[in-house]
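Each remark here refers to the structure printed beneath this line.
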Amino acid sequence: MSKSLVAIYPGSFDPPTNGHLDLIARGARLADKLIVAVLQNTQKKALFTTAERCEMLTECVAHLTNVEIDSFDGLLVDYAARRNANTILRGLRTVSDYETESQMALLNRRMRPEAETLFLPASAEHSFLSSRMVKEVITLGGDASTFVPQPVMHRLEAKFPTRK
Ligand code: PNS
């Protein structure tokens, strides 16, 4: 019997960006099943609730049949064990991403040796994008429509009605 690859793509996704969506589409081609796992809100300063972030992602990945949207709290490796997933997918944009991400991958593997992290380089057109910068642009009155998918833009416009 051949093994099927179940991968988890964890993140805050506050909000999901075109960079996240690119990684999800590419991850879905590599894995038999990809679980996009939204970290549940632990701090009040998140812009969107966990439920809102899951809704936006669900709308964005409706065309990808092997992608599931879920949320988790606690340790990622414990969640991965509950979901029988040994592969964690993460994107890398910059050298500084590599530094933090490699530490996180090593820490996760120390806690759960089966947990391997697979890094995908961000596509060049998204390599400058982050949720934090999208929030900054929109709160300062800028146009974020080329940085996020439509379902996210709609919710940003609802939260910031006077913005572009
Ligand atoms: O999108 P982000 O904020 O870069 O995602 C970070 C995330 C959610 C992957 C990371 O913070 C995480 O795994 N949190 C769960 C708690 C945990 O397992 N911490 C130990 C590894 S850092």
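Whatever order the structure lists them in is the order used to number ligands and atoms, beginning at 1. For clarity, every value in this text was computed on a predicted model and none was experimentally measured.
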Can you tell me if Asp14 and Ser12 form a side-chain donor-acceptor pair at under 3.5 Å? no
Tightest non-hydrogen contact, residues Val148 and Asn18, listed as C-OD1, 3.1 Å
(Q) Checking contacts now, so for atom 15 (C) of ligand 1, which I'm interested in, is there any protein heavy atom under 4.0 Å? (A) yes
- Message: Run the side chain to side chain contact (heavy atoms under 4.5 Å, CB included) test on Thr117 and Met104 for me, step by step, so that the C-alpha distance in whole Å, both residues' side-chain angles and the decisive distance to 0.1 Å come before the verdict.
- Response: CA-CA 9 Å; Thr117 301; Met104 206 157 86; over 6 Å; no
Within 4.0 Å of some non-hydrogen atom of Gly74, the atoms of ligand 1 are 15 (C), 16 (C)
Numbered in order shown, the ligand 1 atoms found under 4.0 Å of a heavy atom of Leu76 are 13 (O), 17 (C), 18 (O)
>> Are there over 12 heavy-atom neighbours, none belonging to Glu125, within less than 6.0 Å of that residue's CD?
In response: yes
Nearest heavy-atom approach of Met133 to Phe128 is SD-O, 3.7 Å
Say whether Ser12, considering both its backbone and side-chain N or O atoms, lies within less than 3.5 Å of an N or O atom on ligand 1.
yes
Heavy-atom proximity to atom 20 (C) of ligand 1 ranks first, among Leu75, Leu39, Ile8, for Leu75
Is the closest heavy atom of Arg90 to ligand 1 under 4.0 Å?
-> yes
- prompt: Hey, what's the ring geometry for Tyr9 with His20, parallel, tilted or perpendicular (30° and 60° as the breaks)?
  reply: tilted
Within 4.0 Å of some non-hydrogen atom of Met104, the atoms of ligand 1 are 9 (C), 21 (C), 22 (S)
Ligand 1 atoms nearer than 4.0 angstrom to some heavy atom of Asn108 are 21 (C)
